[in-house]
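Only a predicted model underlies this, so the values are computations on that prediction, with no experimental measurement involved. Per chain, numbering begins at 1; letters A, B, ... match sequence-line order.
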Protein chains: 2
Amino acid sequence: MTETLSTIGEMCSQFGVTPRTLRFYESKELLTPERDGSRRLFTRRDRARLKLILRGKRFGFSLEEIRQLLELYEIGDQQMTQLARTHELAEHHLAALIAKRDELDLAIADLRDQIGQVEGLLAERQKAAE
Amino acid sequence: MTETLSTIGEMCSQFGVTPRTLRFYESKELLTPERDGSRRLFTRRDRARLKLILRGKRFGFSLEEIRQLLELYEIGDQQMTQLARTHELAEHHLAALIAKRDELDLAIADLRDQIGQVEGLLAERQKAAE
DNA sequence: GATTACGTTGACGTTAACGTCAATCCTTTT
DNA sequence: AAAAGGATTGACGTTAACGTCAACGTAATC
């Protein structure tokens, strides 16, 4: 397979982050780029993980939580003895995501109400001004 | 109407927060409790706002963003001249929420995949062990 | 060979969102 | 009246998640 390794600069422009951020994530063991001497080379795996990290952040998860969740995507080389635990963790996370979506749906409905009210007022003003 | 004012202690047990948190929110003008001498008395309005604040936090919004969003729920006494702006802000927020939900749906689907894979492996182990 | 571009490792600074602690003040209960 | 329960205002501390800056290395380019 084509190795497609990325320098830190390439990563930054592709994902809209700073070098400091990527080094910070490495220090927290969220990313584990290879090295060419001292220069970092980010792999396909790193890019996939960064995508998940940024997604997690948008949902309000902490980096530590995200680190846990990344384990789910690292099943290939896991020991069988940990599979059950992994499964449990995944189910837990799934439940959390679904709960979050349900609440989001609620929030969206609420906001739609508010907008309806505002539009009502705007329409009134229209009428009064003609 | 029944005035139902709450002390800080009541608020804390009802919402699962600390006094410090409520005072902090007041300092940021997210809450504006009345006073009985120096003691804070939280109104129905404060309770409604706190509910929205905590919801917002679960979605990963900052307190400053939440402060903006709370404006949407404060339309009654607004000037007409600000209505259009409010409307725009609301639409913007709605779009953000919907985008967030779409991404959440994606994340849920991804995770379901992962769980499917784990369950597959668990089933294999079952077979191999019989 | 000097400059420019891109990278590295410290190390200290910053912001948000509270935690924690001390000193003080009512108010009610013993 | 003494003690206990709940509240107040500072004020300093803490953690997460980076920002910022200095000093240095290496590689290509003018």
Exercise. Decide salt bridge (charged side-chain N to carboxylate O under 4.0 Å, His left out) for B/Arg35 and B/Glu26; before the verdict, give the C-alpha distance in whole Å, the side-chain angles of both, and the deciding distance to 0.1 Å.
Key: CA-CA 12 Å; B/Arg35 294 293 179 131; B/Glu26 183 182 0; 3.2 Å; yes
Quiz prompt | Carboxylate-amine/guanidinium proximity below 4.0 Å for B/Asp110 and A/Arg55 | solution = yes
Quiz item: If the sugar-phosphate is the primed atoms plus P, OP1 and OP2 and the base is the rest, what is the B/S/- string for nucleotides 12-24 of chain C, using protein heavy atoms under 4.0 Å?
Solution: -----BBBB----
Practice problem: Mind calculating the distance between CZ (B/Arg23) and C1' (D/dA11) to the nearest angstrom? | Solution: 14 Å
Self-check item: Residues A/Glu64 and A/Arg67 bridged, charged N to O under 4.0 Å
Solution: yes
Practice problem: Nearest whole angstrom, please: distance from the C1' of C/dC6 to the CZ of A/Arg39. | Solution: 7 Å
Quiz item: Once you round it to whole Å, what is the distance between P of D/dG10 and CD of B/Glu26?
Solution: 12 Å
Quiz item: Would you say the side-chain atoms of B/Arg49 and B/Thr32 include a donor-acceptor pair closer than 3.5 Å?
Solution: no
Self-check item: Distance in angstrom units between A/Asp36 CG and C/dG7 P, rounded
Solution: 12 Å
Quiz prompt | Exam field: side chain A/Glu65 to backbone A/Ser62, donor-acceptor pair closer than 3.5 Å | solution = yes
Quiz item: Does B/Glu88 CD have over 12 foreign heavy atoms under 6.0 Å away?
Solution: no
Quiz item: Closer than 4.0 Å, any side-chain N/O of A/Thr7 to the OP1 or OP2 of C/dG7?
Solution: yes
